[in-house]
Asks: 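First the structure, which I've put down as structure tokens, then a few questions once you've had a look.
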Amino acid sequence: MNQLSDRYYLTDGSHVLIAGATGAGSEYGGKTATANWWHHQAVENGHHDVGLYYDPKGMRNIKGKDTDSTPYETLSGLAEGYRSGQRLFHYKPSDPAGDHEDVKEWLRNLPGNKIVVHDEAQAYKDAESLSWFLSQGGNLAHGNERTGDIRSLVVTQRPWNIHEELRSNMPLKVWVGPTGSEFRSYMDAERMKRAGEQIAENTGAHKWSVTDAGDYVHTNPPVPEEYA
């Protein structure tokens, strides 16, 4: 199941929680790279009309602004880029919680289906906008707004700090990299002990493992190095 067409979870529209071990060794990291690749290929392959990477860290190599890593920092910049034909955006907020609300309203009014990466989500985990993305944003096309659904990829170093109600709205959960004590605690808290054992048996440096509704799906090789 290494072809994109075989990986149903890339296109089925469910929200995704992306977590992973944080450490200084070369085998650690990879959450941002995985999310970067995911949102880029979603737009490039036509699964979504617009992609936005919400990036409080201001990382390099995020795919956006026609794969230019320079981030947008204002809503007017996003609007201008959209009018000029841009469909892949990299946004660096000055106020992670406050700007998140503004970006929500901007995306909410765009036509077509959108995919959004919410990186460093623990920094604005209590924001109403994050709750809205996960509870209502994925169902816009089926409600009164009819502007197209918004799929969310939530990236965090501390998934256990994201409210259980929000985690329950992300049936797809991804773990990137090696496992450890934090991973085991997380799997136990999610009542996914068996899935955790399967991930531990298959994972490695920068590999990313997928669970769906608590069940282990499979482990993928690292995304291409250009996304790191």
Side-chain angles (χ1 to χ4, degrees), residues 1-23 25-48 51-55 57 59-64 67 88 90 113 115-121 134 138 151-160 162 167 169-180 182-184 186-187 190-228:
M1 296 182 67
N2 286 328
Q3 298 298 317
L4 294 185
S5 59
D6 294 329
R7 292 186 267 184
Y8 71 91
Y9 45 80
L10 295 174
T11 60
D12 78 345
S14 298
H15 299 315
V16 185
L17 178 61
I18 300 177
T22 299
S26 61
E27 72 270 24
Y28 293 101
K31 299 184 292 295
T32 290
T34 301
N36 186 16
W37 170 84
W38 196 322
H39 102 287
H40 182 229
Q41 65 82 31
V43 176
E44 289 293 295
N45 292 327
H47 303 312
H48 291 81
L52 184 142
Y53 198 109
Y54 192 78
D55 177 25
K57 294 183 293 188
M59 298 291 290
R60 297 176 62 84
N61 297 328
I62 299 299
K63 300 298 183 181
T67 70
L88 197 66
H90 175 202
N113 292 324
I115 185 168
V116 185
V117 176
H118 312 268
D119 206 349
E120 294 290 310
L134 295 173
R151 188 184 198 190
S152 287
L153 311 181
V154 175
V155 184
T156 178
Q157 296 179 17
R158 305 179 185 91
W160 46 86
I162 303 295
R167 298 200 311 269
N169 286 329
M170 295 179 277
L172 293 171
K173 294 180 172 62
V174 170
W175 184 267
V176 185
T179 61
E182 288 184 342
F183 168 79
R184 289 189 291 273
Y186 170 49
M187 289 292 113
E190 291 293 318
R191 296 179 290 279
M192 297 195 304
K193 183 176 181 180
R194 176 55 185 154
E197 292 172 347
Q198 291 171 294
I199 290 173
E201 291 171 0
N202 290 282
T203 197
H206 312 302
K207 291 183 178 180
W208 52 288
S209 301
V210 181
T211 65
D212 186 352
D215 294 325
Y216 174 74
V217 179
H218 63 273
T219 297
N220 294 280
V223 301
E225 191 174 353
E226 68 180 278
Y227 292 92

Asks: Please enumerate all residues that pass ring-ring contact (aromatic ring centres under 6.0 Å, His included) together with H39, with sequence neighbours excluded.
Replies: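 Result, ring-ring contact (aromatic ring centres under 6.0 Å, His included) vs H39: Y53.
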Asks: What are the two closest heavy atoms between P171 and S14, and how far apart are they?
Replies: CG-CB, 3.9 Å
Asks: Using the test side chain to side chain contact (heavy atoms under 4.5 Å, CB included), find all partners of S209 that sit at least two apart in sequence or belong to another chain.
Replies: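 If we apply the side chain to side chain contact (heavy atoms under 4.5 Å, CB included) test to S209, skipping adjacent residues, the hits are I199, T203, Y216, T219.
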Asks: Tell me, please, which residues at least two apart from K57 pass side chain to side chain contact (heavy atoms under 4.5 Å, CB included).
Replies: T32, D55, M59, D119, E120
Asks: Which atom pair, heavy atoms only, marks the closest approach of V43 to G51?
Replies: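 Answer, listing the atom of V43 first, then G51: CG2-N, 3.5 Å.
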Asks: Check N61 against N36 and note the closest heavy-atom contact, atom names and distance.
Replies: O-ND2, 2.8 Å
Asks: Which residues satisfy the side chain to side chain donor-acceptor pair (under 3.5 Å) test with D212, sequence neighbours excluded?
Replies: Y8
Asks: Could you pull out the closest heavy-atom pair between L17 and P159, with the gap in Å?
Replies: CD2-CB, 4.0 Å
Asks: Please lay out, stage by stage, how M192 and W175 fare under the test side-chain contact (heavy atoms from CB on, under 4.5 Å).
Replies: CA-CA 12 Å; M192 297 195 304; W175 184 267; over 6 Å; no
Asks: With E201, which residues qualify under side chain to side chain donor-acceptor pair (under 3.5 Å), at least two apart?
Replies: none
Asks: Dump the intermediate steps for side-chain contact (heavy atoms from CB on, under 4.5 Å) on F183 and M187, then the final yes or no.
Replies: CA-CA 6 Å; F183 168 79; M187 289 292 113; 3.5 Å; yes
Asks: Verify whether the ring centers belonging to H218 and Y9 lie closer than 6.0 Å.
Replies: yes
Asks: Mind checking salt bridge (Lys or Arg N to Asp or Glu O under 4.0 Å) for D12 and listing every partner two or more places apart, or none if nothing turns up?
Replies: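 In terms of salt bridge (Lys or Arg N to Asp or Glu O under 4.0 Å), with neighbours along the sequence ignored, D12 is linked to R151.
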